[in-house]
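Chain identifiers are assigned alphabetically (A, B, ...) following the order of the sequence lines, protein sequences preceding nucleic acid strands; residue numbering begins at 1 within each chain.
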Amino acid sequence: MGDGDERSSLDENRLTAARLAKVDRLRDAGVEPYPYRFERTAFAADLHDRHGDLGSGATTDEQVVVAGRLMGMRDMGSLVFGVLLDPSGRIQLFADESVLEGGFAAFSDLDVGDWIGVAGEVMTTRRGELSIRVEGFTLLAKGLRPLPEKWHGLKDIEQRHRQRYVDLVVNERARRTAAKRIATIESLRRSLSDRGFVEVETPTLHTLPTGGHALPFETHHDALGIDMYLRIALELHLKRLVVGGMERVFEIGRVFRNEGVSTIHNPEFTMLEVYQGLADYTDMIVLTEALVIEAATAVHGGTEIEFKGKDLSLAAPWDRLDFFGSVAEATGTDWTPDMDLETARSSATAAGVSIEQGWGVGKLAAEAFETLVEPTLWNPTFVLNHPKEISPLAREHRSRPGVVERFEVIVAGTELANAFSELNDPVEQRRRFEAQVAARSAGDVEAHPMDEDYLRALEYGLPPTGGMGMGVDRLVMLLTGEESVREVILFPHLRPEASDL
RNA sequence: GGGCCGGUAGCUCAACCAGGCAGAGCAGCGGGCUUUUAACCCGAAGGUUGUGGGUUCGAUUCCCACCCGGCCCA
């Protein structure tokens with residue numbers, strides 16, 4: 001698109017046209033509306049911290065240079081009050097014509113939304129508001145589009161998500177949520193690093209969609225002439241690293257699932273996966289609790305939160321629930337891995353679970369769990385010992401046939417984390433993959449594919465290993481109180497705007 | 001994929017139910033004001049009512065299709 005097109009699309013709006021005219025006038029007057037750099041000496045929040053106790057009408061003799069976006073202007077004639085927003089917060093600007101003299105008219109001509117730098121003395125007004133007396137100022141970038149309404153802000157959810165840059169400027173909650181997400185991820189990294197885990201990066205482009213039960217995005221590598229998939233999980237590459245001797249590894253990375261969009265699903269989302277050699281799923285229980293509690297403490301200041309208007313406690317110890325036991329409780333039938341298939345089918349159906357032909361006891365139990373049990377769990381709960389049939393990468397329970405050493409953490413009715421004692425017997429792993437391939441042939445398009453290289457890695461020897469995956473976006477939702485995953489992802493996926501097509 | 005709700009000025013919202021000149025606040029523009037805090041006062045502007053069709057003398061309003069979003073369900 002050429003410059004002429006850009007210009008004409010902006011000219012359609014009389015408000016931006018007026019500001020473009022200002023840009024021309026500034027250049028005519030020798031003022032560059034888009035300078036290259038600027039030197040700041042102070043942030044708003046630091047000034048409030050250091051001078052918050054000043055009385056009204058005070059001066060400090062402290063000269064500072066602040067910079068940020070002009071968020072408000074109150075023009076009194078020969079006095080103008082401005083509001084500057086920088087990354088730390090807000091500070092008032094006090095512009096007095098008798099101080100600024102020749103520059104005063106230009107200051108008055110600034111628009112809300114402009115980026116500016118201001119030099120002057122820290123002082124307070126007669127009303128006691130901490131301010132910078134404007135002794136000089138520099139336009140850092142002229143804003144051409146008007147900001148949303150100063151009081152109501154930007155409410156339209158679609159526009160807030162499509163134009164997150166505007167949302168972040170005018171809605172403090174958007175900034176706070178973004179900051180809490182960053183703090184959550186920092187906390188996870190710190191907690192893991194403190195325990196001797198190292199962060200690694202594994203491929204996003206996979207030749208097989210492994211490590212999970214989900215539809216992948218498909219793509220094509222032209223030079224190699226092969227189809228590829230965006231990863232649906234991090235699991236198998238991380239376990240290959242444990243084979244290689246990197247005993248404690250983790251990755252915080254984007255995974256992609258070709259599924260619908262909802263308040264808890266975005267097609268790409270952020271997963272934490274952790275693998276610890278010489279450990280099993282009981283070690284993952286301890287680690288998972290610690291990671292969440294440490295993040296809650298770092299981000300929220302404690303483990304007691306409010307979610308969807310209800311109290312929720314993340315404090316340890318979390319409840320524990322046996323997978324089959326919970327389904328038995330919910331249906332009134334004695335569910336076990338070796339139960340009669342028809343009994344399982346009739347029990348599930350009687351409880352209102354919708355089932356399909358060809359499902360085994362494990363799949364039926366899983367569906368019953370999701371329908372009947374999961375939505376009822378509020379405080380974090382470890383659900384333990386899943387059916388072997390639906391857990392092709394988990395190790396069989398050391399004393400209970402038909403189930404695996406696995407847990408999921410359910411919080412507020414949804415899955416937050418998933419962990420197992422990792423299956424490290426290559427012969428058994430091959431049998432599990434073969435069962436998955438058979439399920440795929442029978443119509444389960446999400447069944448796990450055969451991964452010969454992964455089997456080869458296991459054949460070199462994976463030590464006893466505990467592994468855990470956690471949905472980072474879900475954790476951030478809990479710690480921010482946001483009920484839609486789109487609020488904790490800066491740029492959630494939406495259908496393209498008409499102008500993009 | 002289905003149901004319900006929404007889309008009106010740059011932003012936040014009226015008017016729609018029951019068809020009759022599309023309004024307000026903020027922002028912007030012009031003027032006034034030396035301590036404002038959503039500043040205030042005066043004035044003049046600003047609209048393809050999501051898109052396309054239909055009904056009607058007349059459609060933001062009623063009907064149909066589509067687009068985008070939200071919530072719920074699958």
Side-chain angles (χ1 to χ4, degrees), chain A residues 9-23 25 48 54-59 69-85 89-101 104-105 107-114 123-134 142-167 169-172 259-266 308 352-356 367 370-371 375 413 482-487 492-501:
Chain A
S9 74
L10 283 172
D11 277 341
E12 286 171 12
N13 185 300
R14 68 206 149 76
L15 298 173
T16 51
R19 296 213 188 173
L20 279 169
K22 274 192 189 180
V23 168
R25 287 201 299 276
H48 284 290
L54 281 183
S56 55
T59 57
R69 192 184 292 272
L70 188 60
M71 295 298 289
M73 287 278 268
R74 294 182 286 274
D75 189 339
M76 307 293 298
S78 47
L79 282 183
V80 171
F81 297 87
V83 178
L84 188 79
L85 174 69
R90 292 168 184 258
I91 185 93
Q92 178 165 271
L93 307 173
F94 176 85
D96 183 336
E97 183 167 24
S98 65
V99 173
L100 254 182
E101 298 179 337
F104 185 78
F107 189 86
S108 302
D109 200 39
L110 290 170
D111 289 297
V112 170
D114 290 349
M123 45 85 70
T124 60
T125 61
R126 279 182 207 166
R127 294 285 178 87
E129 175 85 21
L130 188 69
S131 307
I132 310 297
R133 186 194 313 283
V134 182
K142 185 70 190 168
L144 298 184
R145 292 181 183 265
L147 289 182
E149 216 256 358
K150 63 188 170 190
W151 185 243
H152 298 96
L154 179 64
K155 289 186 163 181
D156 182 80
I157 293 173
E158 180 177 353
Q159 201 174 336
R160 285 184 42 240
H161 292 165
R162 287 197 196 282
Q163 301 179 35
R164 187 69 88 185
Y165 38 89
V166 181
D167 189 33
V169 171
V170 299
N171 291 326
E172 202 204 333
E259 295 162 358
V261 176
S262 80
T263 49
I264 55 170
H265 295 99
N266 195 59
K308 295 188 176 178
V353 180
S354 52
I355 65 173
E356 288 176 23
E367 197 68 18
E370 273 184 43
T371 307
E482 294 291 354
E483 295 175 22
S484 169
V485 74
R486 290 185 287 272
E487 296 295 347
H493 284 287
L494 300 175
R495 287 183 190 277
E497 292 177 87
S499 61
D500 295 340
L501 295 173

I want to verify a distance call: between B:G70, B:A27, B:G25, whose nearest atom is closest to the A:E149 side chain?
B:G25

With sequence neighbours excluded, what pairs up with A:A58 under the side-chain contact (heavy atoms from CB on, under 4.5 Å) test?
A:L54, A:T124

So, using side chain to side chain donor-acceptor pair (under 3.5 Å) as the criterion, who are the partners of A:E158 when residues are at least two apart?
A:R162

What is the distance from CG of A:D96 to P of B:C33, rounded to the nearest Å?
15 Å

Between B:C33 and B:A15, how far apart are the C1' atoms? Round to whole Å, please.
36 Å

Within this structure, what is the CG-to-C1' distance between A:D156 and B:G69, rounded to whole angstrom?
7 Å

If I take atom CD from residue A:E129 and atom CD1 from residue A:I91, how far apart are they, to the nearest 0.5 angstrom?
7.5 Å

Rounded off to whole Å, could you give me the CG-to-P distance for the A:L110 and B:G28 pair?
11 Å

With a 4.0 Å cutoff (strictly under), does any side-chain N or O of A:K22 reach OP1 or OP2 of B:C29?
yes

Residues passing the salt bridge (Lys or Arg N to Asp or Glu O under 4.0 Å) test with A:E482, sequence neighbours excluded, are A:R173

N/O-N/O pairs, protein side and nucleotides 71-74 of chain B side, under 3.5 Å:
from	atom 1	to	atom 2	distance (Å)
B:C71	OP2	A:R486	NH2	2.7

Paired to B:G6 by Watson-Crick or G-U wobble criteria (both distances under 3.5 Å) is B:C68

Round to the nearest Å and state the distance from A:Q92 atom CD to B:A38 atom C1'.
14 Å

What interatomic distance, in whole Å, is found between P of B:A24 and the corresponding atom of B:A44?
11 Å

B:U61 to B:U49 separation - P atoms, rounded to the nearest Å:
10 Å

For B:G20 versus B:G58, give the span between their P atoms, rounded off to a whole number of Å.
15 Å

Check for a donor-acceptor pair, side chain of A:D167 on one end and backbone N or O of A:L154 on the other, with a separation under 3.5 Å.
no

The side chain of A:L15 lies closest to which of these nucleotides: B:U35, B:G10, B:C11?
B:G10

Look at all strands and tell whether A:Q159 reaches a base, only sugar-phosphate, or nothing, counting heavy atoms closer than 4.0 Å.
sugar-phosphate

Under 4.0 angstrom between A:R495 side-chain N/O and B:G69 OP1 or OP2:
yes

Listed pairs under 3.5 Å, donor-acceptor, residues 74-85 of chain A side chains, sequence neighbours left out:
from	atom 1	to	atom 2	distance (Å)
A:R74	NH2	A:Q92	OE1	2.9
A:D75	OD1	A:G77	N	2.9

With sequence neighbours left out, write down each residue that passes salt bridge (Lys or Arg N to Asp or Glu O under 4.0 Å) with A:D114, or none if nothing qualifies.
A:K142

A:F107 and A:L100: side-chain contact (heavy atoms from CB on, under 4.5 Å), yes or no, with the steps?
CA-CA 9 Å; A:F107 189 86; A:L100 254 182; 3.9 Å; yes

Say we look at B:G69 and B:G53: how far apart would their P atoms be, to the nearest angstrom?
24 Å

Please give the distance between the P atoms of B:G70 and B:G52 as a whole number of Å.
24 Å

What does A:L154 touch in the nucleic acid at a heavy-atom separation under 4.0 angstrom: a base, only the sugar-phosphate, or nothing?
sugar-phosphate

Would one find a side-chain N or O of A:T125 under 4.0 angstrom from OP1 or OP2 of B:U35?
no

Expressed in whole Å, how much space separates the C1' atoms belonging to B:U8 and B:G23?
11 Å

Taking only residues two or more places apart in sequence, or in another chain, which ones meet A:F104 in a ring pair (Phe, Tyr, Trp, His ring centres under 6.0 Å)?
none

Would you mind telling me which of B:U34, B:U12, B:C68 lies closest to the side-chain atoms of A:S78?
B:U34

Dump every N/O contact between nucleotides 39-42 of chain B and the protein below 3.5 Å, one line per pair.
from	atom 1	to	atom 2	distance (Å)
B:A39	OP1	A:K150	NZ	2.1
B:A39	OP2	A:R74	NH1	3.1
B:A39	N6	A:D75	O	3.1

I'd like to check the salt bridge (Lys or Arg N to Asp or Glu O under 4.0 Å) partners of A:R69; sequence neighbours left out, ordered by chain and number.
none

Say we look at B:C62 and B:G7: how far apart would their P atoms be, to the nearest angstrom?
11 Å

Protein-nucleotide distance (A:R162, atom CZ; B:C67, atom C1'), rounded to Å
11 Å

Which residue, A:R19 or A:R133, contacts RNA chain B at a nucleotide closer to its 5' end, judged by nearest heavy atom?
A:R19

When rounded to whole Å, the CG to P distance for the pair A:L144 and B:G28 reads 15 Å

Students often get this wrong, so: under 4.0 angstrom with heavy atoms, is A:L147 touching a base, only sugar-phosphate, or nothing?
nothing

Starting at CD of A:E158 and ending at C1' of B:C11, how long is that distance when rounded to a whole Å?
15 Å

Which one is paired to B:C62, where only Watson-Crick or G-U wobble pairs with both distances under 3.5 angstrom count?
B:G54

For B:G1, the Watson-Crick or wobble partner whose two distances fall under 3.5 Å:
B:C73

Nearest-0.5 Å distance that lies between atom CE in A:M123 and atom OG in A:S56:
10.5 Å

Find the distance A:R145:CZ to B:C11:P and express it as a whole number of Å.
10 Å

Heavy-atom closest pair (A:N171 atom, A:G153 atom, distance to 0.1 Å) is OD1-CA, 4.1 Å

